[in-house]
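Read through the structure below, which is laid out as structure tokens, and then see the notes.
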2 protein chains.
Amino acid sequence: MRISELSRLSGVSVTTIKYYLREGLLPAGRQRSATQAEYDGHHLRRLRLIRALTGVRGLSVSTTREVLGALAEHTGDTHRLLGLALGSIGPFEDSAEDSTGRAEVDGLVEELGWDVHDSAPARVALAETLGSLRGLGVPLDRGALVPYARLAEHTAVLDLDQLDGIDDPLELAERALLLTVLLEPALMALRRMAQENESARRHGGGRP
Amino acid sequence: MRISELSRLSGVSVTTIKYYLREGLLPAGRQRSATQAEYDGHHLRRLRLIRALTGVRGLSVSTTREVLGALAEHTGDTHRLLGLALGSIGPFEDSAEDSTGRAEVDGLVEELGWDVHDSAPARVALAETLGSLRGLGVPLDRGALVPYARLAEHTAVLDLDQLDGIDDPLELAERALLLTVLLEPALMALRRMAQENESARRHGGGRP
DNA sequence: GGTCATTGGATACCTCTACTGTCTAACATG
DNA sequence: CATGTTAGACAGTAGAGGTATCCAATGACC
């Protein structure tokens, strides 16, 4: 298909598609001639993925590029390396290498017995957030964190279960990405509702 | 204290503080004269909160204003109403009122037996995300969602436990906000690490 | 073969957000 | 009185995420 059809099917304007091509989010089509390139279903799929990451999840274009790059690199290898590349999500400002928080996180991971790469960006992200909370007078010690971590373990089991039985490595990698990244807003929404429910239960917001 | 001291203590430049004052994120100090206003510890605390919300969590200035507004309104009343106001987080684009997804979410909430306000924005947020995932060929049916929801219940219990024993209503509301909003990146980081760990466990990324 | 809309590629432009800089008159402080 | 700080107003800036326009080269239809 040509770019105009790609635009029609995806609902993304031609100029925006060109922009994504320029920015390296979308691979170029097969060049047929100087004025024609051929796009296919992969491009359409990729385009939908881009819109989901930038729109629903709110990732920046540059982060999206990194994420998609990781997807291409680690196909077949999936979660392990995907997780490694994905931490770059979130708007964590360059902080002064909070080594206190980092040590705290490393200790936590060890206590949990988790097999997590040393350079996993999630470690940094966690240290960062905990540091901020501490600065605001909400110190979360290990005792408070471990129960959350155990729940995260259960979540991860559910996540990986979703990926069972997918054979095509490309499909697998993409599905893993979607579950890791796009499910986040959904889980947070569930948490919000669960909080409201729990709050009602405790403080007698009794049902009529 | 004067604005320059507020700036020094918070690490935020005077001009930026003025910007936050203009934008209504920070309440004005007590006006002493035409050229002097008096700020106190509350302002400092608020300023740190603003930086945490915009920096760590990546909220926009306008969303931060809404969140802080909700904080002021619902002090003492906390989670119930806080949750109601907080859904406006996340970059959910104006979608075509996905009524399919909405019905799905309402059904889920009913099955769970949750006491959640009809107009809770988290309902919309969830419907939105599930719609996107469906559009990308990852339909999550109720059977897949309920286990996640049960985990969210446990998370909410932990969250509310953290708020136990706080008497000052202002303190309580602020703490609730921090736990709801700022803990999100931390929980997601834990999930990422748990995924990596689980992936290693399943696919034999054996420890040396 | 002629005609005309479409395409790829390049570049300029636009809008929004989150600040930042500068100016001024009115003070505060020594 | 001299000096420095402050509130308040307003213009300017940098980056992100597109959008618009132009152009020459086509390709499809007649």
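Every chain is numbered from 1 and lettered A, B, ... according to where its sequence line falls, protein lines coming before strand lines.
B:Trp114 and A:Glu196 share no side-chain donor-acceptor pair at under 3.5 Å.
By the 4.0 Å N-to-carboxylate-O rule, A:Glu5 lies too far from A:Arg2 to be salt-bridged with it. Checked for salt-bridge contact, A:Arg46 and A:Asp40 miss the test: no charged N lies under 4.0 Å from a carboxylate O.
At C:dA26, none of the side-chain N or O atoms of B:Gln31 fall inside 4.0 Å of OP1 or OP2 (strictly under the cut-off). Taking only side-chain nitrogens and oxygens, B:Ser33 comes nearer than 4.0 Å to OP1 or OP2 of C:dA28.
As a whole-Å value, the separation of A:Leu26 CG from C:dG8 P is 11 Å. Summarising the geometry, the separation between CD on B:Glu38 and P on C:dC27 is reported as 17 Å, rounded to the nearest angstrom. Rounded to an integer number of Å, the gap from CG of B:Leu59 to C1' of C:dT17 is 14 Å.
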With side chain to side chain contact (heavy atoms under 4.5 Å, CB included) as the criterion, how do A:Leu49 and A:Leu68 come out once you've worked through the C-alpha distance, each side chain's angles and the decisive distance to 0.1 Å? CA-CA 9 Å; A:Leu49 184 57; A:Leu68 293 174; 3.8 Å; yes
Please test B:Glu153 against A:Leu190 for side chain to side chain contact (heavy atoms under 4.5 Å, CB included), starting from the C-alpha separation and ending with a verdict. CA-CA 8 Å; B:Glu153 284 178 348; A:Leu190 283 174; over 6 Å; no
Output, in order, the C-alpha distance, side-chain angles, deciding distance and verdict of side chain to side chain contact (heavy atoms under 4.5 Å, CB included) for B:Met1 and B:His43. CA-CA 10 Å; B:Met1 70 182 82; B:His43 291 91; over 6 Å; no
Donor-acceptor pairs under 3.5 angstrom involving side-chain atoms of residues 20-30 of chain A: please list them, not counting sequence neighbours.
| residue | atom | partner | partner atom | Å |
| --- | --- | --- | --- | --- |
| A:Tyr20 | OH | A:Arg51 | NH1 | 2.9 |
| A:Glu23 | OE1 | A:Arg65 | NH1 | 3.4 |

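Comparing B:Arg2 and B:Val61 along DNA chain C, the residue whose closest nucleotide (by nearest heavy atom) sits nearer the 5' end is B:Val61.
The outermost nucleotides of DNA chain D lying under 4.0 Å from heavy atoms of chain B, listed 5' to 3', are D:dT6 to D:dC10.
A:Leu179 and A:Leu183 make their closest contact through O-CB, 3.0 Å (heavy atoms, listed as atom of the first residue, atom of the second, distance).
Remark: A:Lys18, A:Arg22 in residues 9-23 of chain A come within less than 4.0 Å of DNA chain C through at least one heavy atom.
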